[in-house]
Structures are given as structure tokens and as C-alpha cells.
Number of protein chains: 2
Amino acid sequence: MSGPGSRLEWTDIRRDLLARIQTGVWKPGDSIPREVELAAQYGCTRSTVGRALRDLATAGFLERRRKGGTTVSANPVRKAPLEVPIIADAIRKSGKVASYRLLTCHIGMPPRVVSARLGLGPAGAVMFVAALYLADGVPHQLEHRWLVPAAMPGLEAEVLERTPVDEWLLHNAPLTRATIEIEAIDAPKAVADALQMPVGGAALLVTRQSWRQAQVIGLLQLYHAPGVKLSTAI
Amino acid sequence: MSGPGSRLEWTDIRRDLLARIQTGVWKPGDSIPREVELAAQYGCTRSTVGRALRDLATAGFLERRRKGGTTVSANPVRKAPLEVPIIADAIRKSGKVASYRLLTCHIGMPPRVVSARLGLGPAGAVMFVAALYLADGVPHQLEHRWLVPAAMPGLEAEVLERTPVDEWLLHNAPLTRATIEIEAIDAPKAVADALQMPVGGAALLVTRQSWRQAQVIGLLQLYHAPGVKLSTAI
DNA sequence: CAGTGGTCTAGACCACTAG
DNA sequence: TAGTGGTCTAGACCACTGA
């Protein structure tokens with residue numbers, strides 16, 4: 001059976017297996033055939049079905065265990081990839097003109113909440129940067145950054161007059177790890193003014209803390225103007 | 001060179017390559033050696049370095065082209081995996097007791113905005129479901145769903161009295177594709193009352209539209225109580 | 001202990017694409 | 001057209017883990 005038409009690729013097998021899952025041929029919790037059997041069915045080697053199975057497993061559709069075999073996930077946890085782009089790029093991609101304004105840039109003591117999160121002692125001064133990104137001249141996103149100077153040699157206020165902070169950091173102080181939190185807050189006055197929105201209105205706040213290896217780089221707070229949405233897809 | 005100590009695995013090679021990128025041995029835009037050369041350097045086969053390279057490419061660190069070779073991404077776009085969990089599971093995972101209340105469940109005409117997004121004609125009635133999820137008895141998340149009845153045979157209000165909507169759907173009307181939008185809104189009265197928060201306060205709104213193949217399943221709006229955050233990490 | 005997935009090797013052919 | 005990555009095969013050994 002299965003005329004040798006043209007050779008099967010692992011994506012073909014992936015598609016076929018996924019169809020069996022999504023159409024209910026294999027139900028959540030079911031065990032599916034071993035790699036060797038599937039390989040025989042598809043007329044290919046174990047490596048090839050293995051690649052398809054592995055891919056479905058990392059996507060959350062299958063669970064695999066040595067000796068236990070492969071089963072269909074009972075509660076597939078889908079993951080939506082949320083992109084962390086260069087802001088100017090994102091604005092341009094939506095067909096608008098991106099511009100940038102540096103609001104503040106100085107070294108000083110951060111609020112306690114911030115220094116606590118950054119794990120800094122009471123004497124730890126950091127650089128504070130406030131910047132505004134505009135789309136077609138309209139405020140799009142306000143960002144507050146607290147940056148640990150030790151982690152970024154060569155950062156000067158002058159540089160940030162011309163280069164958006166995020167781009168400078170990406171090329172000069174790349175992160176290796178970051179945590180991200182997304183929440184809605186009532187816009188305080190400073191935020192509302194910058195984004196030209198009413199005080200107390202709903203703003204989307206993205207807080208990101210980043211590290212390079214074990215070294216804390218800094219804390220970033222992004223405030224999005226009303227109407228701005230984060231989008232993704234599964 | 002490179003004493004054969006113990007055999008290298010592809011994750012070892014991945015780690016080593018990533019280190020070369022992150023420490024700046026290879027800078028953004030640089031071309032890196034061909035697979036064959038790397039294989040020789042690491043003393044393994046092309047398949048093994050290939051797997052490491054492929055993985056770094058899908059993670060956004062490398063860009064690969066046939067004949068063009070492999071280069072370090074100039075603007076690495078990091079992707080943060082945002083999980084879409086069963087709500088009760090998420091609540092339990094945070095160490096709290098999850099409970100659920102069905103508020104409304106009836107068939108009728110949806111608001112115009114909704115029927116437009118669902119691609120329904122003016123005669124398209126849908127099922128509307130409002131439900132509240134609580135953590136330790138405190139309102140955690142309110143959800144409004146508009147579900148196309150054709151896509152979900154067997155859905156009855158009675159069922160939803162006992163089973164959380166999201167779990168029922170996961171097992172009975174699995175989605176194959178979804179779009180997700182995240183934004184902050186001023187809570188309207190209905191939302192504010194359900195979440196026990198002030199009217200006009202900031203609420204986090206997640207809107208999700210889902211399909212099974214080409215068939216629209218429905219539209220979901222999740223309102224998160226103040227203080228609730230979506231978290232992820234890179 | 002035995003069975004399953006995880007990994008590697010050595011080789012081959014092919015698809016794409018830069019020059 | 002020639003060089004690169006993408007894929008497959010056939011075989012092997014090993015790590016984990018359920019019975």
C-alpha cells in the first residue's frame with residue numbers, strides 16, 4: 001500500500017499525524033503507535049517519523065516518554081509566540097512613520113520598588129531613561145528604563161538623542177534572559193501626559209527585566225497608548 | 001585536538017555556538033563557517049551541527065540560506081511564548097483554589113462588532129456565554145464568549161453549569177487556529193461589577209478569535225481583574 | 001529487566017540561490 | 001553553474017523508565 005508516488009518528507013508526516021489528532025482518530029490520552037510501527041506504515045525510517053513526532057511534542061500536541069511511548073496530550077497547552085520587536089520596526093511594519101523623542105536621561109537613585117527588583121543595595125545608582133515613540137507623530141509608546149551602568153559601558157545621553165534606546169541596547173548590551181509581565185493600569189499623570197490620554201485612563205503596561213548571564217541589565221516599563229494592542233496567533 | 005573525552009551532543013554544540021554569538025566572537029551580520037567546517041571543528045557529523053544550527057535559527061539567532069550560508073541575525077527578534085492555559089489549572093498552579101460560576105448562557109443576536117468579526121450575516125444567531133472564574137473566592141477573570149452553534153454540537157447550558165466553558169471547548173471543539181489581541185480598557189459597568197472593581201478602572205482585555213480549519217468557532221473576550229498579570233520569559 | 005524514545009554516524013541526493 | 005543547507009536512509013548505541 002501507499003504507492004511510492006514521491007518520497008514523504010517529515011512535514012508531510014507531521015501534517016498527517018496532526019490531522020489524526022485533530023479529527024479525533026486519536027483522542028486525548030490515547031497512546032499512538034511506536035516510532036518503528038509508524039515508520040513501517042509511512043514507509044520511511046525511524047528518524048523521519050521521529051522528527052515529525054518530536055515537532056508535535058514541542059508544539060504541545062504529544063507527550064513522549066522513553067518506554068512509556070507517545071500519547072496525545074490530554075490538555076494541550078498552546079503557546080502563542082509574542083514577538084519582542086524593535087519598536088520603530090513594528091511601527092513601520094504597520095505602515096506608519098516612526099519617530100522617537102528622548103525625554104529624560106540621567107543617573108540617580110531609583111524608586112525603592114525598582115532597586116528591590118534589580119537587587120541593588122541602597123547605594124546603587126542607576127541610569128534612568130524616559131523616551132517616547134511616535135507613530136505618524138502620535139504618541140504610541142512611552143518607556144521608562146532603569147539601567148545598571150556596569151552592564152552597559154559607553155552609554156551616554158548624547159547617543160540616545162539620536163538612536164532609539166531599544167536599538168542601542170540590542171546592539172550594545174544584548175540580553176540573554178528576560179522576564180515579561182503584562183498588565184493594565186490606571187495611567188498616572190506623567191504617563192497620561194506623555195501619551196496624550198486622560199489621567200486614570202487604562203494603559204497597557206509591559207514590564208520587562210533583563211539579564212546578561214547572571215548580571216542584571218535593567219528594568220523596562222513600556223506604557224502603550226489606548227487602542228494599541230499586542231497581537232499574536234496560534 | 002579536542003580530545004574525544006565523551007561524545008558531544010547537539011545541545012552542547014548549540015550552547016557553544018550561542019556563546020560565540022552572545023560574547024561577540026561572531027557579531028550581528030557575520031557569516032559563520034559552513035556546516036562541514038563546523039562538523040570538522042567539533043569532530044562530529046554534519047547532521048549533528050546541523051541540528052544545533054537549525055535550532056538557533058528557529059530561535060531567531062541565526063539566518064540560513066542555501067548557498068548563502070549561515071549568518072548571525074542583525075536584529076534578532078526574540079519570541080516570548082505566551083501560554084494559553086486552562087484557567088482553573090493556572091489558578092491552581094499559583095496555589096489558590098479555583099472555582100467557576102456560569103453567569104449567562106443563551107442564544108441570540110450578537111452585537112454588530114461581534115457578528116462582523118465572526119463573518120456572520122445579519123441573521124446569524126450565536127450562543128452567548130458569560131462566566132466568572134474565581135481564585136480563593138475572589139473574582140479573577142470574566143469571560144464573554146460568542147460561539148457559533150454549528151461548530152459545537154452538543155453544547156447545552158446545563159453542561160456549562162458544572163464544567164468550565166474553556167475545558168468543555170478544549171475537549172469538544174478544539175481549535176486549529178486562533179488570533180489573540182491584548183489591550184487595556186476602561187472597565188464598563190458590567191465588567192467592573194463582575195470583577196468587583198471600580199467602573200472605569202483599568203482592565204486587561206484579551207480577545208481571541210478561533211477557527212477549526214476554515215470554520216469560525218467563536219470569539220472570546222477575557223477580562224482580567226486588576227493586579228492580574230500575564231507572565232512569560234525569554 | 002526490557003522496551004521505548006533520544007542521539008549519533010556515514011553516506012547520499014536534492015532544492016534552492018548567489019555569483 | 002556550483003556551493004550551500006535541507007532532507008532521507010540504514011544502522012547503531014545509549015538513557016530513561018514502566019512493569
Side-chain angles (χ1 to χ4, degrees), chain A residues 1-18 20-21 26 28-74 76-77, chain B residues 1-18 20-21 26 28-74 76-77:
Chain A
M1 4 274 159
S2 79
S6 70
R7 187 117 101 285
L8 282 180
E9 302 214 337
W10 72 271
T11 52
D12 300 323
I13 298 179
R14 190 202 131 108
R15 190 172 19 254
D16 189 67
L17 293 170
L18 184 54
R20 294 202 214 178
I21 296 169
W26 292 326
D30 283 1
S31 270
I32 77 173
R34 316 189 310 275
E35 286 194 350
V36 209
E37 279 183 36
L38 289 172
Q41 289 180 22
Y42 287 112
C44 64
T45 49
R46 189 163 79 90
S47 330
T48 305
V49 293
R51 178 143 180 208
L53 289 167
R54 187 194 319 147
D55 196 74
L56 289 170
T58 54
F61 293 105
L62 294 177
E63 286 167 16
R64 318 193 71 192
R65 281 148 108 176
R66 282 151 153 143
K67 166 87 180 187
T70 302
T71 59
V72 179
S73 301
V77 176
Chain B
M1 6 275 151
S2 78
S6 70
R7 190 125 95 277
L8 282 181
E9 302 213 337
W10 72 272
T11 51
D12 300 323
I13 299 180
R14 189 202 131 109
R15 190 174 18 256
D16 189 67
L17 293 171
L18 184 54
R20 294 202 214 178
I21 297 169
W26 292 326
D30 284 1
S31 271
I32 76 172
R34 315 190 309 276
E35 286 193 350
V36 209
E37 279 184 36
L38 290 172
Q41 290 181 22
Y42 286 112
C44 65
T45 49
R46 189 161 79 89
S47 330
T48 304
V49 294
R51 178 146 180 204
L53 290 167
R54 186 196 319 146
D55 195 75
L56 290 170
T58 55
F61 293 106
L62 295 176
E63 287 167 16
R64 317 193 69 191
R65 279 200 231 149
R66 281 151 154 144
K67 167 84 180 187
T70 302
T71 59
V72 179
S73 300
V77 176

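Here is the naming used below: chain letters follow the sequence lines, and residue numbers restart at 1 for every chain.
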>> For D/dG5 and B/T70 - does any side-chain N or O of the residue sit under 4.0 Å from the phosphate oxygens OP1/OP2?
In response: yes

> Quick one: is B/T48 getting a side-chain N or O under 4.0 Å of the C/dT9 phosphate, OP1 or OP2?
Replying inline: yes

> Whole Å only: how far is the CZ atom of B/R54 from the P atom of D/dT7?
Replying inline: 7 Å

> Which one is paired to C/dG19, where only Watson-Crick or G-U wobble pairs with both distances under 3.5 angstrom count?
Replying inline: none

>> Just the rounded figure in Å: distance from P of D/dG6 to CG of B/L62.
In response: 11 Å

>> Nearest whole Å is fine: how far is D/dG18 P from A/E63 CD?
In response: 13 Å

>> Rounding to an integer number of Å, can you tell me how far B/E37 CD sits from D/dG5 P?
In response: 9 Å

>> Within the 4.5 Å heavy-atom criterion, are B/I21 and B/I32 side-chain neighbours or not?
In response: no

> Between C/dT9, C/dG5, D/dT9, which nucleotide has the shortest distance from any of its atoms to the side chain of A/S47?
Replying inline: D/dT9

>> Which is more 5' along DNA chain D, the nucleotide nearest B/E35 or the one nearest A/T45? Just name the residue.
In response: B/E35

>> Can you tell me how far apart OG1 (B/T70) and CG (B/L56) are? Round to the nearest 0.5 Å.
In response: 10.0 Å

> Taking all atoms of both residues into account, what is the closest heavy-atom pair of B/W26 and B/P33, and its distance?
Replying inline: CZ2-CD, 3.7 Å

> Counting only N and O atoms by type, is there a donor-acceptor contact under 3.5 Å from the side chain of A/D12 to the main-chain atoms of A/E9?
Replying inline: yes

> Given D/dG5, C/dT7, C/dA10, which nucleotide is nearest the side-chain atoms of B/R51?
Replying inline: C/dT7

>> Nearest heavy atom decides the nucleotide; on that basis, is B/T11 or A/V36 closer to the 5' end of DNA chain C?
In response: A/V36

> For every nucleotide of nucleotides 13-19 of chain C, 5' to 3': is a protein heavy atom under 4.0 Å from its base (B), only from its sugar-phosphate (S), or from neither (-)?
Replying inline: --BBBB-

> Reckon A/R34 has a side-chain N or O less than 4.0 Å from the OP1 or OP2 of C/dT4?
Replying inline: yes

> What does B/L8 touch in the nucleic acid at a heavy-atom separation under 4.0 angstrom: a base, only the sugar-phosphate, or nothing?
Replying inline: sugar-phosphate

> Just how far, in rounded Å, is P of D/dA15 from CZ of A/R64?
Replying inline: 18 Å

>> Quick test of your reading of the model: are A/R20 and A/D16 salt-bridged, counting only N-O distances below 4.0 Å?
In response: yes

> If you measure from the Lys or Arg side-chain nitrogens to the Asp or Glu carboxylate oxygens, is any gap between B/R64 and B/E35 under 4.0 Å?
Replying inline: yes

>> Would you say that A/I13 contacts A/L17 through its side chain, given a criterion of any heavy-atom pair below 4.5 Å between the two side chains?
In response: yes

>> Can you measure A/Y42 atom OH to D/dT9 atom C1' for me and round it to whole angstrom units?
In response: 18 Å

> Please give, in whole Å, the distance from D/dC8 P to A/L38 CG?
Replying inline: 15 Å

>> What is the separation between atom CG on A/L53 and atom P on C/dT7, rounded to the nearest whole Å?
In response: 13 Å

